[in-house]
Trainee: 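Below is a structure I'd like to ask you about.
First the proteins, then the strands, lettered A, B, ... as listed; each starts at 1.
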Protein chains: 2
Amino acid sequence: MAKRVSHRHSMCGVARPLDAIGDWWSLLIVRDAFDGLRRFGEFQKSLGLAKNILSARLRNLLAHGIMETVPAADGSPYQEYVLTEKGRGLFPLLVALRQWGEDFFFEPDEAHVLLVDRKNGLPVRRLELRAQDGRIVGAEDTMVRLPSA
Amino acid sequence: MAKRVSHRHSMCGVARPLDAIGDWWSLLIVRDAFDGLRRFGEFQKSLGLAKNILSARLRNLLAHGIMETVPAADGSPYQEYVLTEKGRGLFPLLVALRQWGEDFFFEPDEAHVLLVDRKNGLPVRRLELRAQDGRIVGAEDTMVRLPSA
DNA sequence: AGACCATGGTTTCAAACTGAAACCATGCGA
DNA sequence: TCGCATGGTTTCAGTTTGAAACCATGGTCT
């Protein structure tokens with residue numbers, strides 16, 4: 001479970017997060033958690049994955065501090081799985097994924113789930129990346145700089 | 001390769017993109033492609049993955065229209081792999097991943113690669129998600145709305 | 001108490017996937 | 001012609017996946 005990328009360059013800033021998340025199922029679990037799901041059974045029903053797999057993925061998310069268990073909530077003798085701060089930090093990633101999906105995986109007229117502002121129900125804008133001076137920048141406008149200097 | 005999530009609800013707006021990407025390796029390939037890598041050998045050296053796996057992942061990325069092959073460039077008799085429009089659309093996702101990594105996987109003083117503005121070498125800002133009215137919104141401020149209405 | 005059931009897992013086992021290494025193919029240049 | 005660089009494919013053992021069966025705990029009903 002821990003040896004997916006044998007950190008050859010001690011794992012770059014993209015590989016390390018990927019390794020922590022684990023796999024796609026984990027990300028779908030996190031998404032469901034953002035949607036308010038908390039119980040083992042809820043995740044299982046929502047995602048339709050095998051219980052052993054769900055169990056392993058939750059364990060991994062706990063181990064990486066992305067989710068944590070809390071004793072109960074409604075008095076039932078079970079525990080619930082909730083996002084940690086670190087887990088909630090995945091929100092922009094999920095939004096990016098969703099917006100990419102909207103752009104390239106749905107016909108213009110095809111109905112799809114929409115991420116909307118709670119305040120007024122209007123769809124949110126696109127994610128935007130800005131430079132220090134406030135310009136919106138894309139891939140072409142940026143580059144990675146090594147730790148160095 | 002195509003049956004990772006047996007689209008139970010015909011696959012939501014998050015699962016469908018995930019399915020197309022394939023796996024973590026694919027995302028690392030895309031990241032390398034953003035960094036200018038184009039050749040089979042370059043990807044293999046950079047990522048250190050087995051050639052058969054790289055071959056399979058590239059095939060998958062091609063099949064999903066995320067990358068495409070172009071005849072040559074420097075006259076060599078080989079093809080190069082470049083991002084399509086769809087592939088370039090993954091930029092925000094990679095940025096999200098990178099920023100999450102910066103937040104939770106590096107010590108404050110630990111050196112790490114930085115995404116900078118080409119124009120002036122300054123680090124870019126954080127990704128931001130805004131509502132229609134311009135407010136910056138987080139997970140708590142949003143919800144998903146079903147196709148319905 | 002005893003039977004039953006809901007929830008949340010673990011175990012088992014066959015099939016699929018992964019990845020290291022060996023092999024193959026093509027197009028050079030010496 | 002030989003040798004080599006590049007870009008793959010094939011082979012095969014080891015790992016992972018996932019469906020199904022099983023197990024455990026605690027509550028409910030009678």
Trainee: According to a strict under-4.0 Å criterion, is A/Gln79 in side-chain N/O contact with OP1 or OP2 of C/dT7?
Mentor: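 For C/dT7, neither OP1 nor OP2 has a side-chain N or O of A/Gln79 closer than 4.0 Å.
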Trainee: Closest approach of A/Leu94 and A/Arg31, non-hydrogen atoms and distance?
Mentor: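 Closest approach of A/Leu94 to A/Arg31: CD1-CA, 3.8 Å.
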Trainee: Under 4.0 Å, heavy atoms only, any strand: does A/Gln44 hit a base, just the sugar-phosphate, or nothing?
Mentor: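 Touches nothing.
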Trainee: Side chain of B/Lys51 only, heavy atoms from C-beta on: which candidate in C/dG9, C/dA22, C/dA6 is closest?
Mentor: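 Closest nucleotide to the B/Lys51 side chain: C/dA22.
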Trainee: Could you tell me the separation between the CG atom of B/Leu49 and the P atom of D/dT9, rounded to a whole number of Å?
Mentor: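 After rounding, the gap between these two atoms is 13 Å.
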Trainee: Rounded to the Å, how far apart are B/Ile53 CD1 and D/dT11 P?
Mentor: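 Rounded to whole Å, this separation is 16 Å.
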Trainee: At less than 4.0 Å, is any side-chain N or O atom of A/Arg39 found next to OP1 or OP2 of C/dG8? Yes or no.
Mentor: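 The answer is yes; a side-chain N or O of A/Arg39 sits under 4.0 Å from OP1 or OP2.
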Trainee: How long is the line joining CD of A/Glu80 and P of C/dG9, in whole Å?
Mentor: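 Spelled out: CD on A/Glu80 to P on C/dG9 is 12 Å.
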Trainee: Is the cationic atom of B/Lys86 (NZ for Lys, CZ for Arg) positioned less than 6.0 Å from the six-membered ring centroid of A/Phe105 and within 45 degrees of its normal?
Mentor: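 Judged by the rule, B/Lys86 and A/Phe105 form a cation-pi pair.
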Trainee: Considering every strand and a 4.0 Å limit on heavy-atom distances, what is the contact class for A/Tyr81: base, sugar-phosphate, or nothing?
Mentor: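 Since only primed, P, OP1 and OP2 atoms lie under 4.0 Å of A/Tyr81, the category is sugar-phosphate.
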Trainee: Would you please confirm or rule out a distance under 4.0 Å between OP1 or OP2 of C/dG9 and any side-chain N or O of A/Ser55?
Mentor: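 Checking A/Ser55 against C/dG9: no side-chain N or O falls below 4.0 Å of OP1 or OP2.
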Trainee: Which listed nucleotide (C/dT26, C/dT18, C/dG8) is nearest to the side chain of B/Asp23?
Mentor: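 Minimum distance to the B/Asp23 side chain belongs to C/dT18.
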Trainee: Taking A/Thr142's backbone N and O only, do any of them form a donor-acceptor pair with B/Arg118's side chain (distance below 3.5 Å, no angle check)?
Mentor: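 Checking the backbone N and O of A/Thr142 against the side chain of B/Arg118, a donor-acceptor pair under 3.5 Å is found.
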Trainee: As an exercise, state the distance from CG of A/Leu129 to CD of B/Glu128, rounded to the nearest 0.5 Å.
Mentor: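 The CG atom of A/Leu129 sits 8.5 Å away from the CD atom of B/Glu128.
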Trainee: CD of A/Glu42 versus P of C/dG8: gap in Å, rounded?
Mentor: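 Rounded to the whole Å, the gap is 8 Å.
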Trainee: Rounded to whole angstroms, how far apart are CZ on B/Arg38 and P on D/dT6?
Mentor: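 Interatomic distance, CZ of B/Arg38 to P of D/dT6: 17 Å.
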Trainee: If you assign B/Asn52 and B/Gly41 each to the DNA chain D nucleotide with the nearest heavy atom, which residue ends up on the more 5' nucleotide?
Mentor: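 Per heavy-atom nearest nucleotide, the more 5' residue is B/Gly41.
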Trainee: Whole-Å distance between D/dT6 P and B/Leu37 CG?
Mentor: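 Taking CG of B/Leu37 and P of D/dT6, I get 14 Å after rounding.
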Trainee: Please state how far atom CG in A/Asn60 lies from atom P in D/dT17, giving the value in whole angstrom units.
Mentor: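 A/Asn60 atom CG is separated from D/dT17 atom P by 10 Å.
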Trainee: Among the candidates C/dG8, C/dG19, D/dT6, find the nucleotide nearest to the side-chain atoms of A/Phe40.
Mentor: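 The nucleotide sitting nearest to the side chain is C/dG8.
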Trainee: Over how many whole Å does the gap from A/Tyr78 atom OH to C/dG9 atom P extend?
Mentor: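 Those two atoms, OH and P, are 9 Å apart.
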Trainee: Please state whether the rings of A/Phe40 and A/Tyr81 are parallel, tilted or perpendicular, taking 30° and 60° as the class boundaries.
Mentor: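 Tilted: the ring planes of A/Phe40 and A/Tyr81 meet at 30° to 60°.
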Trainee: Does A/Trp25 put a side-chain nitrogen or oxygen below 4.0 Å from OP1 or OP2 of D/dG18?
Mentor: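 Indeed, a polar side-chain atom of A/Trp25 lies that close.
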Trainee: Is B/Arg59 close enough to D/dT9 that one of its side-chain N or O atoms is under 4.0 Å from OP1 or OP2 there?
Mentor: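 It does, given that an N or O in the side chain of B/Arg59 lies less than 4.0 Å from OP1 or OP2 of D/dT9.
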